[in-house]
Participant: 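First the structure, which I've put down as structure tokens, then a few questions once you've had a look.
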Amino acid sequence: MRNTADDLARGILAGERRALARGITLIESQRPDHRAEALRLLDLLAGGGHALRVGLSGTPGVGKSTFIESFGLMLTGQGKKVAVLAVDPSSARSGGSILGDKTRMDLLSRDPKAFIRPSPSQAHLGGVARRTREAILLCEAAGFDLILIETVGVGQSETLVADMVDLFVLLMAPAGGDELQGVKRGIMEMADILLVNKADGDLKMTALRTVADYAGALRLLRKRPQDPEGFPKAMAVSALEEVGLETAWDEIRALAGWREAEGHFAARRAEQARHWFEAEVREGLLARLRNDPVIRERMAALGDEVAAGGTAPAVAAAAMLEILR
């Protein structure tokens, strides 16, 4: 990297988009020398901002990119700065990633008050890049008011997103009861606001019926202490016609304001910070194990025994842990 951590920190705090982009590239790098510089950058920017973090997930084809662009343009039109961290799926075979979100949000990507950063998921669970949480901190330091984290697909692995954000929004398409049956209970329990998109044209009445179905399903879920009366809730929106976006934003702000006033906001942030710390320690320990030639050789030998059926996986794991002890 040509820029030092000090240069990047000054640029990011000044709101320079190029410095922010380079900073995120630095923290995503796998090179040891880059990682050391990235840690210094994070240290310099600690506590540098307080944006609202919103996770957004939904099934493929539900219109996430269209929604984010319409929603983002509405907010930048109100003078707010919006950052979008869109995680693209990486190939499990080649590690490659399409990174097409920026091309699908052409208008928003050219907005001076917006910043879009597609990142490869690198095969991490839930499609959430390992360094997404650090990118969030950089965007906050750059003075963004809202950070949207768009994730890959819908599944119980999306709990990783919930450990990074203040609110979780689930985007769904208009459908019948069969679609409701297919939604995992876990993802429903995580959602703070459920938006049924494409509520326009011939699909408008179907979308309204779907909202009623989801609202009924949400009422059956156990009440959470971090929710005021009426939440979680389902709403209909049309990203294409830009209908319902203002109402959705009002509800997001209302929920965030209530949680902040009741102390849930700060407690959640503190819990997330502890979770991130423990995750980094685990990742670092695993990296040390992978990089130690003696341990790596012993792991390979035990792995061969397990693969050949000569040793049970649990027995081999116990033997490996005994070596480490």
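Please read these numbers as outputs of a predicted model, since none were measured by experiment.
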Participant: Between L240 and L245, is there a shared hydrophobic cluster once you connect ILVMFWY residues whose side-chain heavy atoms come closer than 4.5 Å?
Facilitator: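 In one cluster: no.
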Participant: For G79 and D145, which heavy atoms make the closest approach, and how far apart are they?
Facilitator: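 Taking every non-hydrogen atom into account, O-OD2, 4.4 Å.
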Participant: Flag yes if more than 12 heavy atoms outside D250 fall under 6.0 Å of its CG atom; otherwise flag no.
Facilitator: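 Correct, the count exceeds 12.
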Participant: Hey, does E69 have a side-chain heavy atom less than 4.5 Å from the side chain of L107?
Facilitator: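 The answer is yes, as the side chains (C-beta and beyond) meet within the 4.5 Å cut-off.
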Participant: Quick one: closest heavy-atom pair of L20 and A142, and the distance?
Facilitator: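 Smallest interatomic distance, heavy atoms only, reads CD2-CB, 4.2 Å.
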Participant: So I136 and I149, side-chain contact (heavy atoms from CB on, under 4.5 Å) or not? Walk me through it.
Facilitator: CA-CA 9 Å; I136 290 172; I149 298 95; 3.9 Å; yes
Participant: Is V82 close to K113 at the side-chain level, that is, under 4.5 Å between some pair of heavy atoms?
Facilitator: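 In short, these two side chains do not touch, never coming nearer than 4.5 Å.
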Participant: Which pairs would a plain distance check flag for residues 8-18, meaning a side-chain donor or acceptor within less than 3.5 Å of a matching protein atom at least two apart in sequence or in another chain?
Facilitator:
| unit_1 | atom_1 | unit_2 | atom_2 | d |
| --- | --- | --- | --- | --- |
| R10 | NH2 | D7 | OD1 | 2.5 |
| R17 | NH1 | D111 | O | 3.1 |
| R17 | NH1 | P112 | O | 3.3 |
| R17 | NH1 | A114 | O | 2.3 |

Participant: Between the side chains of R117 and T25, does any donor sit under 3.5 Å from an acceptor?
Facilitator: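 Judged by distance alone, the side chains do pair up.
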Participant: For residues 234-245, which residue pairs qualify under side-chain hydrogen bond (donor to acceptor under 3.5 Å, both in side chains), counting only residues two or more places apart or in two chains?
Facilitator: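 Every pair satisfying side-chain hydrogen bond (donor to acceptor under 3.5 Å, both in side chains) with a residue in residues 234-245: D200-S238.
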Participant: For A135 and L85, work out which heavy atoms get closest and say how close.
Facilitator: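 Minimum heavy-atom separation between A135 and L85: CB-CD1, 3.9 Å.
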Participant: Main chain of P174, side chain of T210: is a donor-acceptor contact present, judged purely on distance under 3.5 Å?
Facilitator: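 Judged by distance alone, no pair lies under 3.5 Å.
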Participant: Do M235 and I193 have side chains that approach each other closer than 4.5 Å (heavy atoms only, starting at C-beta)?
Facilitator: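 Yes, their side chains come closer than 4.5 Å.
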Participant: Is it the case that the side chain of K198 and the backbone of K204 share a donor-acceptor pair, with hydrogens and angles ignored and the cut-off at 3.5 Å?
Facilitator: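 Pair absent, no side-chain N/O of K198 close to backbone of K204.
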Participant: Measuring only between side-chain heavy atoms, which start at C-beta, is F231 closer than 4.5 Å to Q226?
Facilitator: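 Heavy-atom side-chain distance check fails, nothing below 4.5 Å.
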Participant: Whether R131 and E134 form a salt bridge (side-chain N of Lys/Arg under 4.0 Å from carboxylate O of Asp/Glu) is what I want to check.
Facilitator: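 Yes.
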Participant: Would you please test I147 and V54 for side-chain contact (heavy atoms from CB on, under 4.5 Å) and show each step?
Facilitator: CA-CA 6 Å; I147 301 172; V54 177; over 6 Å; no
Participant: Treat each ILVMFWY residue as a node, draw an edge where side-chain heavy atoms are under 4.5 Å apart, and state whether L289 and M320 are in one component.
Facilitator: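 Yes, it is one cluster - the side chains of L289 and M320 are joined through contacts under 4.5 Å.
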Participant: Decide salt bridge (Lys or Arg N to Asp or Glu O under 4.0 Å) for E262 and R259; before the verdict, give the C-alpha distance in whole Å, the side-chain angles of both, and the deciding distance to 0.1 Å.
Facilitator: CA-CA 5 Å; E262 295 294 318; R259 286 181 175 174; over 6 Å; no
Participant: Can you tell whether the side chains of E37 and R40 come within less than 4.0 Å, N to carboxylate O?
Facilitator: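 Salt bridge: no.
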Participant: Check whether any side-chain heavy atom of R296 sits under 4.5 Å from a side-chain heavy atom of P293, and report yes or no.
Facilitator: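 Touching, per the 4.5 Å side-chain cut-off.
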Participant: Specify the closest pair of heavy atoms between M190 and R224, including all atoms of both residues, with the distance to one decimal.
Facilitator: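 In terms of heavy atoms, the two residues are closest at O-NH1, 3.6 Å.
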Participant: For M74 versus W249, what's the shortest heavy-atom pair and its separation?
Facilitator: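 The pair with the smallest heavy-atom distance is CE-CB, 3.8 Å.
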Participant: Can you give me the closest heavy-atom contact between V165 and G55, atom names plus distance?
Facilitator: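 Taking every non-hydrogen atom into account, CG1-N, 3.4 Å.
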Participant: Tell me if a side-chain donor or acceptor on N197 pairs with a main-chain N or O of L171 at a distance below 3.5 Å.
Facilitator: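 Not a single qualifying donor-acceptor pair exists.
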Participant: Who passes salt bridge (Lys or Arg N to Asp or Glu O under 4.0 Å) against R110, sequence neighbours left out?
Facilitator: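 Listed in chain order: D106.
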Participant: Would you check, one step at a time, whether the test side-chain contact (heavy atoms from CB on, under 4.5 Å) holds for V237 with V243?
Facilitator: CA-CA 6 Å; V237 298; V243 174; over 6 Å; no
Participant: Checking D166 against F265 for the side-chain contact (heavy atoms from CB on, under 4.5 Å) test, could you report, in this order, the C-alpha distance in whole Å, the side-chain angles of both residues, the deciding distance, and whether it holds?
Facilitator: CA-CA 7 Å; D166 304 311; F265 207 87; 3.5 Å; yes
Participant: Charged N to carboxylate O under 4.0 angstrom, R133 versus D163?
Facilitator: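 Not counted as a salt bridge, because no side-chain N and carboxylate O are separated by less than 4.0 Å.
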Participant: List the atom pairs, donor and acceptor, that lie under 3.5 Å between side-chain atoms in residues 297-316 and the rest of the protein, sequence neighbours left out.
Facilitator:
| unit_1 | atom_1 | unit_2 | atom_2 | d |
| --- | --- | --- | --- | --- |
| E305 | OE1 | T311 | OG1 | 3.0 |

Participant: Apart from F277 itself, which Ile, Leu, Val, Met, Phe, Trp or Tyr residues share its cluster (side-chain heavy atoms under 4.5 Å, direct or through members)?
Facilitator: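 Once heavy-atom contacts under 4.5 Å are chained together, F277 belongs with V281, L285.
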Participant: Using only atom types and a distance under 3.5 Å, with no angle test, would you say the side chain of K80 pairs donor to acceptor with the backbone of F144?
Facilitator: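 No: the side chain of K80 does not pair with the backbone of F144.
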Participant: Hey, could you give me the CG/OG1 distance between L44 and T4, rounded to the nearest 0.5 Å?
Facilitator: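 The CG atom of L44 sits 9.0 Å away from the OG1 atom of T4.
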Participant: Are the side chains of L148 and F71 in touch, meaning some heavy atoms are under 4.5 Å apart?
Facilitator: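 Yes; the side chains approach each other to less than 4.5 Å.
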Participant: Quick check: do F168 and S57 have side-chain heavy atoms less than 4.5 Å from each other?
Facilitator: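 Yes, close enough: below the 4.5 Å cut-off.
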Participant: Could you tell me the separation between the CZ atom of F67 and the CD atom of E150, rounded to the nearest 0.5 Å?
Facilitator: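 Answer for the CZ-CD pair, F67 versus E150, is 11.0 Å.
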Participant: Any side-chain heavy atom of Q78 sitting closer than 4.5 Å to one from E246?
Facilitator: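 Heavy-atom side-chain distance check passes, below 4.5 Å.
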Participant: Scan residues 228-237 for pairs that pass salt bridge (Lys or Arg N to Asp or Glu O under 4.0 Å), counting only residues two or more places apart or in two chains.
Facilitator: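 Every salt bridge (Lys or Arg N to Asp or Glu O under 4.0 Å) pair that includes a residue of residues 228-237, provided the two are not neighbours, is K233-E251.
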Participant: Nearest 0.5 angstrom please: H34 NE2 to I27 CD1, how far?
Facilitator: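 It is 13.0 Å, given to the nearest 0.5 Å.
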Participant: What distance do L73 atom CG and L108 atom CG have between them, rounded to the nearest 0.5 Å?
Facilitator: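 One finds 5.0 Å between CG of L73 and CG of L108.
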Participant: Is the shortest distance from a Lys or Arg side-chain nitrogen in E140 or R269 to a carboxylate oxygen in the other one below 4.0 Å?
Facilitator: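 Result for this pair is yes, salt bridge flagged.
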Participant: Atom CG of D192 and atom CG of L255: how far apart are they, to the nearest 0.5 Å?
Facilitator: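 Between atom CG of D192 and atom CG of L255 there are 5.5 Å.
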Participant: At what distance, to the nearest 0.5 angstrom, does CE of M164 lie from CD of Q272?
Facilitator: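 The CE atom of M164 sits 9.0 Å away from the CD atom of Q272.
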